[in-house]
Student: 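After the structure tokens below, expect a handful of questions from me.
In what follows, every heavy atom counts, from backbone to side chain, and hydrogens, waters and symmetry copies are set aside. Whatever order the structure lists ligands and atoms in, that order sets their numbers, starting from 1.
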Amino acid sequence: MKRIFTSETVSKIDETVKVAGWINARRDMGKVKFFDLRDKDGLLQVVVAPGDVEAEFEAISEDIRPEWVVEFEGVVKARGAKQINDKLATGTVELLAKKISVLNKAKTPPFELDKDTSGIGEDNRLKYRYLDLRSERMAKNIRARHAVFQEMRKLLGNQGFIEVETPVLTKGTPEGAREYLVPARLHPGKFYVLPQAPQQFKQLLMTAGIERYYQMAKCFRDEDQRGDRQPEFTQMDFEMSFVEEQDVMAVIEEMMIKVVETLYPEKKIQQVPFPRITYKEAMEKYGVDRPDLRKDKNDPNELAFCWVVDFPFFEKDEAGNWTFTHNPFSASKPEFHQDVLEKKNIENIIAAQYDIVLNGFEIGGGSIRNHQPEALKAVLEIIGFNEEQIQNQFGHMLEAFEFGAPPHGGLALGMDRIMAILQNEPNIREVMAFPKDGNARDLMMDVPSELPAKALKEANIKLDV
Ligand code: ASP
């Protein structure tokens, strides 16, 4: 007999079916035993009663413990009106077991999985993440994440965006974060780096004529672990050609509204269209560039989006030199274009750059880019790059733009943060399947870890620790 999912039992009353999964809980009522069987769809109550279960299987049911993997064959029965359990999707039925087969035993888990695990020590949850993910809340978070990704892919696909994968072994870019280095065994002394964002590739895809790109992209940043950061995280990275700021913002705004309406109908977006605030206003009025515009910060269903626009392009770094505020590829607003080319009035140049903010968190940002090589070069000169550095680090971009790059712009959304807010979770680790801990370690896989001397030698590495 083919195994069905627990969710399918509700339409199979009085039919004989086979279900399988994990024992979520067991209750003994005299000679009758009740098991909550858990599969990917949820729980089903299974009743093992003497007389109903075939004699040879009766003894097995004595042994079965939580988290054992068990298969039951039996008849789906409608529950009497008083027995209906509204909390379960299968609460109108139960399975009267005839046959039982233990597919695997399980040790007692280090924490209870039939309860919310948010109060359990996080080291334990991360070490046994595969168990934590069995708990209802965590399983829901992972599935909700999938649903949001699917919905975004669908909405973008409907508008002619295509998903293109870009390399993970690549070249460094100054986008503000330290990068992870990967030694190139075949090229002693040389390195790849892991991308902090697919920024350059998406711009090269625009140069390649793709016009509408997106990618659910893994990004890597080797930063000191502060607060709610992760060394690797996921962006919905996005770029389009022949557009201005409002075109990019419109696509993202429409997409976010549809995602919320479709998947989170209980939530309400405070203001549509999303309010737009200049960086200057935000700083003057709220003292931050990511204002929390919620009316009731205790209402878990309130979503207050806003755009923050008109960022200064440049700021002084600690040493008093000009640096970019966001990324070096941004264009200025058209009215400052000449200032960029002439490298004057630097402190007043406004970038064609926008951040999207939700409930006080920056959930994404982007810009219109400099698609003309001379403008990109001028920006790099303003931030102090000499000709050699420009050629070494950005020669390939400048060259590409000389072959007819279209005007283009885009944005990247921080998917982990978005999911944490939509799922009402306090941090992004709750919506990631396998996050690192606060010290950038994976406690389950036990990495980072030492490597055998042979592996280091092959990678031309001598340790200096
Ligand atoms: N690459 C940028 C970032 O990671 C986003 C963008 O400008 O599209 O912040």
Student: Between E239 and ligand 1, does any nitrogen or oxygen pair lie at a separation below 3.5 Å?
Tutor: no
Student: I need the atoms of ligand 1 closer than 4.0 Å to a non-hydrogen atom of H326, numbered in the order shown.
Tutor: 7 (O)
Student: At a 4.0 Å threshold, what atoms of ligand 1 neighbour a non-hydrogen atom of Q235?
Tutor: 3 (C), 4 (O)
Student: If you measure from the Lys or Arg side-chain nitrogens to the Asp or Glu carboxylate oxygens, is any gap between D446 and K127 under 4.0 Å?
Tutor: no
Student: Any Lys/Arg nitrogen of E347 or K316 sitting under 4.0 Å from an Asp/Glu carboxylate oxygen of the other?
Tutor: no
Student: With a 3.5 Å cut-off and no angle check, do the side chains of E430 and N141 form a donor-acceptor pair?
Tutor: no
Student: If you count the atoms of ligand 1 from 1 in the order shown, which ones are under 4.0 Å from a heavy atom of A197?
Tutor: 1 (N), 4 (O)
Student: Counting from 1, what ligand 1 atoms have a heavy atom of N327 closer than 4.0 Å?
Tutor: 7 (O)
Student: Within the 4.0 Å heavy-atom shell around R221, which atoms of ligand 1 are there?
Tutor: 4 (O)
Student: Take E163 and Q215 through the side chain to side chain donor-acceptor pair (under 3.5 Å) test and state the conclusion after the steps.
Tutor: CA-CA 5 Å; E163 183 160 19; Q215 179 181 193; over 6 Å; no
Student: What do you reckon, is CD of E387 surrounded by more than 12 foreign heavy atoms closer than 6.0 Å?
Tutor: yes
Student: Should you measure from each heavy atom of G366, which atoms of ligand 1 turn up under 4.0 Å away?
Tutor: 6 (C), 7 (O)
Student: Should we count CD of E266 as having more than 12 external heavy atoms under 6.0 Å?
Tutor: yes
Student: Side chain, backbone, both or neither: which part of K202 comes within less than 4.0 Å of ligand 1 when only heavy atoms are counted?
Tutor: side chain
Student: Number the atoms of ligand 1 from 1 as they appear, then name those within less than 4.0 Å of a heavy atom of L411, with their elements.
Tutor: 8 (O)
Student: Picking from Y213, F161, Y214, what satisfies ring pair (Phe, Tyr, Trp, His ring centres under 6.0 Å) with F238?
Tutor: F161
Student: Is there at least one pair of N or O atoms, one from S367 and one from ligand 1, spaced under 3.5 Å apart?
Tutor: no
Student: Can you name the atoms of ligand 1, numbered from 1 with element, that are less than 4.0 Å from a heavy atom of G365?
Tutor: 5 (C), 6 (C), 7 (O), 8 (O)
Student: Cut-off 3.5 Å, side chains only: do K258 and N158 have a donor facing an acceptor?
Tutor: no
Student: For ligand 1, is there an atom lying under 4.0 Å from some heavy atom of R369?
Tutor: yes
Student: Which residue is it: F401, F394, F324? I am looking for the one with a ring pair (Phe, Tyr, Trp, His ring centres under 6.0 Å) to F329.
Tutor: F394
Student: Any N or O on Q199 sitting closer than 3.5 Å to an N or O of ligand 1?
Tutor: yes
